[in-house]
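Only this structure's heavy atoms are used, side chains among them; waters, hydrogens and symmetry mates stay out. Proteins get letters first, then strands, A, B, ... in listed order; numbering begins at 1 in each.
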2 protein chains.
Amino acid sequence: MRQSDLESFLAVVRHGSFRAAARERGLTGSALSQTIRALEEDLQVRLFNRTTRSVVPTEAGDLLARRLTPALADIRASLDEVRSIGGRPSGRVRMNAPAPALDWLIVPHLPEFLRSHPDIAVEIIEDASNVDIVAEGYDVGIRLGLEMAQDMIALPLGPEQDYAVVGSPEYLEREGWPETPQDLTLLDCIRHRFPSGTIFPWRFRIGEEDIAIVPQGRLTVSNARHAVEAATAGIGLARVALPYAQGDLRQGRLVRILDRFSPQLPAWHLYYPSRRHMPPALRAFIDFFMKAAR
Amino acid sequence: MRQSDLESFLAVVRHGSFRAAARERGLTGSALSQTIRALEEDLQVRLFNRTTRSVVPTEAGDLLARRLTPALADIRASLDEVRSIGGRPSGRVRMNAPAPALDWLIVPHLPEFLRSHPDIAVEIIEDASNVDIVAEGYDVGIRLGLEMAQDMIALPLGPEQDYAVVGSPEYLEREGWPETPQDLTLLDCIRHRFPSGTIFPWRFRIGEEDIAIVPQGRLTVSNARHAVEAATAGIGLARVALPYAQGDLRQGRLVRILDRFSPQLPAWHLYYPSRRHMPPALRAFIDFFMKAAR
DNA sequence: AACAATTAATTAGATTTGCTTCACAGTCAA
DNA sequence: TTGACTGTGAAGCAAATCTAATTAATTGTT
């Protein structure tokens, strides 16, 4: 019984696919197939219901995955910890975070982190949906605010988040400067569509009341940088996390409007499952990026 | 990284010897030596300080062993649990217990247990000293009374323990019937020596006071059965757990004396570490022997 | 002080294991 | 139906792992 076989099993559960799991583990699908078959034979239990098009864990497979996930994490952490005694912190950190947080809080500091921690491997998956980082096998995630599952530790990363509505001066001169959020209905708004298909609503605070507007407009993008670019080109108004627009605002290519209506949004938070022993790589990762955000 | 390699590592820590660990794992010492060396190379840390005469874990080795022990137990339990879904409870139970408890509470029922649980392997180590069952890698132990380490669950097994002083009728007629524990100094007591070298003291309760007498006599044994046999042969008086003498008492070959002075001793207790998920083999083992003791 | 006995490390050789390649079968979408 | 995709099985090969034999070091004994 090899440790890596059990890791492979968990990878199949996570991906719901032999091939995808094989890619992650750097094996061929055939090898994985044999590994799982050997495991099933050993345990005398069928672990997956396979139709050629989908791989779904059986009840037994689901149970095994839930039991094995924390135990294997413990073992990995133990080995990493001992490895870190002699030399530098080592191990792997798998992070799950939405694009804006990655763009402004993580990626800019990544080169320095990797340089100063040569024995740590980092894996970053961009994902805006709320995933269960434990079930999906992540070590750490980033989310807005504090609504965390229990047994999670959350640390505020960076200042409170600010969204800005921006447009090019030319566009605003031509189409008119909106005075209130309601005026937006007369203008072209650049919309943001999530992979899930929903349109990102624009939220404002008027007095004591929070309102949400579903923006109307001819351009829909799925990436904040594209929205900023389009706004700069005078196509319409964009609403993005402030840092995306900062550069163009300073250089006068964009103007911020309606800022007295922008609601105060909670800051980004790093969060991770509270465990008996934190892997040293994760400890180094969190320490570094918490300090970098200050 | 194989699971069995880590188990082997723990075996070396437990035994403090490559050879002994190799015997337990069914390998040659050579294989174990290579396994440990590969592990050390991988972790870039020396795990043992070897002098040819002793193998002592380094600080790193000790840390790894403490971290790995519960994690590997979790994995073993997870696999056993899944194995038990399709068929019968399966796995291995390692028990540590003193000889009298084994003789009267475990061994008599072992054949039936093994017959009714064909997929469970049982390993029984007779040991009178108080060992740390977690550190030594046992699943369950038996001890008198309730002074347990924390995080241990203790279940009373069988009735309260009773020790009896016995002698043959001929011997007592010849040498005189003692009326009080103090009278024993005039007679030949058959002594019991523990492996540690200490002589088992004879405890009595006089009124409200507990006293201990170090018995004097010409015969010293290390096994209660031998003491009973010698007493039956008229060599002297023996003090043993009541069940050892029961048969000879009924048949008149032995007579119990001083029984109004015998102290009430606590019952035997099964104890085991409290864990999130109990291995199914252990659950079956405990259920069976608790029921058998009634 | 020398020898015997015990134990771990090392090397070489044989076996086993595990992975990849290739071919095949079943399923879903166009 | 066709074509793309996915999981399974067989054959061959490379690498890891075990055993056996030897060496080295230490301890206890005579």
Side-chain angles (χ1 to χ4, degrees), chain A residues 1-62 64-65 68 72 75 79 83 86 197, chain B residues 1-62 64-65 68 72 75 79 197:
Chain A
M1 178 69 55
R2 295 191 321 170
Q3 182 134 337
S4 67
D5 291 348
L6 299 179
E7 298 276 11
S8 296
F9 162 74
L10 289 183
V12 174
V13 173
R14 273 204 305 277
H15 288 103
S17 153
F18 278 68
R19 288 183 95 83
R23 225 174 299 126
E24 176 190 312
R25 307 239 71 221
L27 298 173
T28 56
S30 185
L32 246 189
S33 178
Q34 294 176 52
T35 299
I36 299 297
R37 190 161 47 77
L39 188 59
E40 289 180 323
E41 209 158 300
D42 176 13
L43 298 180
Q44 296 281 2
V45 169
R46 191 152 193 80
L47 294 171
F48 296 101
N49 285 322
R50 298 107 148 141
T51 67
T52 41
R53 216 54 178 186
S54 72
V55 177
V56 179
T58 61
E59 202 171 325
D62 190 53
L64 185 62
L68 238 35
L72 279 178
I75 292 204
L79 295 174
R83 242 188 288 266
Chain B
M1 179 69 53
R2 298 190 317 173
Q3 182 138 335
S4 65
D5 291 348
L6 300 179
E7 299 274 12
S8 296
F9 163 73
L10 290 184
V12 174
V13 173
R14 273 204 306 277
H15 288 104
S17 153
F18 279 70
R19 287 180 86 83
R23 225 175 299 127
E24 177 190 312
R25 308 238 73 222
L27 299 173
T28 57
S30 180
L32 245 190
S33 178
Q34 292 177 57
T35 299
I36 299 298
R37 191 160 47 78
L39 188 60
E40 289 180 323
E41 208 159 299
D42 176 15
L43 299 180
Q44 297 280 1
V45 170
R46 191 152 193 78
L47 295 171
F48 295 101
N49 286 321
R50 297 106 147 143
T51 68
T52 41
R53 213 58 176 185
S54 72
V55 177
V56 180
T58 62
E59 203 170 325
D62 190 54
L64 185 63
L68 238 36
L72 279 179
I75 293 203
L79 295 173

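Contact detail for D62(A) and P57(A): the closest heavy-atom pair is N-CB, 3.9 Å.
Between E41(B) atom CD and dA9(C) atom P there is a gap of 14 Å when expressed in whole angstrom units. Computed from coordinates, the L27(B) CG to dA20(D) C1' distance equals 14 Å when rounded to whole Å. As a whole-Å value, the separation of L32(B) CG from dA20(D) P is 15 Å. One interatomic measurement links the two molecules: NE2 of H15(A) to P of dC5(D), which rounds to 18 Å at whole-angstrom precision. Atom CG in D42(A) sits about 14 Å away from atom P in dT17(C), given to the nearest Å. The nearest whole Å value for the distance from the CG atom in N49(A) to the P atom in dG7(D) is 14 Å. Rounded to whole Å, the distance from CZ on R25(A) to P on dG18(C) is 15 Å. Separating the CZ atom of F48(B) from the C1' atom of dA9(C) is a distance of 15 Å, rounded to the nearest angstrom.
The pair D42(B)-R83(A) meets the salt-bridge criterion, with a side-chain N (NZ, NE, NH1 or NH2) lying under 4.0 Å from an Asp/Glu carboxylate O. At a threshold of 4.0 Å, the pair R14(B)-E24(B) counts as salt-bridged, since one of the basic side-chain nitrogens sits closer than that to a carboxylate oxygen.
A 4.5 Å side-chain heavy-atom check between F48(B) and I36(B) finds at least one atom pair inside the cut-off. In this structure, V45(B) and E40(B) have side chains that are not in contact, with every pair of non-hydrogen atoms separated by 4.5 Å or more.
Between the base of dA20(D) and the side chain of S30(B) there is a donor-acceptor pair shorter than 3.5 Å. Put simply, the side chain of Q34(B) and the base of dT19(D) share a donor and an acceptor less than 3.5 Å apart.
Side-chain nitrogen and oxygen atoms of S33(A) include at least one within less than 4.0 Å of the OP1 or OP2 phosphate oxygen of dT8(D). Contact annotation: T28(A) reaches the phosphate of dT20(C) (side-chain N/O to OP1 or OP2, under 4.0 Å). The shortest distance between the side-chain N/O atoms of R19(A) and the OP1/OP2 oxygens of dT6(D) is below 4.0 Å. OP1 and OP2 of dT6(D) both lie 4.0 Å or more from every side-chain N or O belonging to R50(A).
R2(B) comes within 4.0 angstrom of the backbone, heavy atoms only, and of no base.
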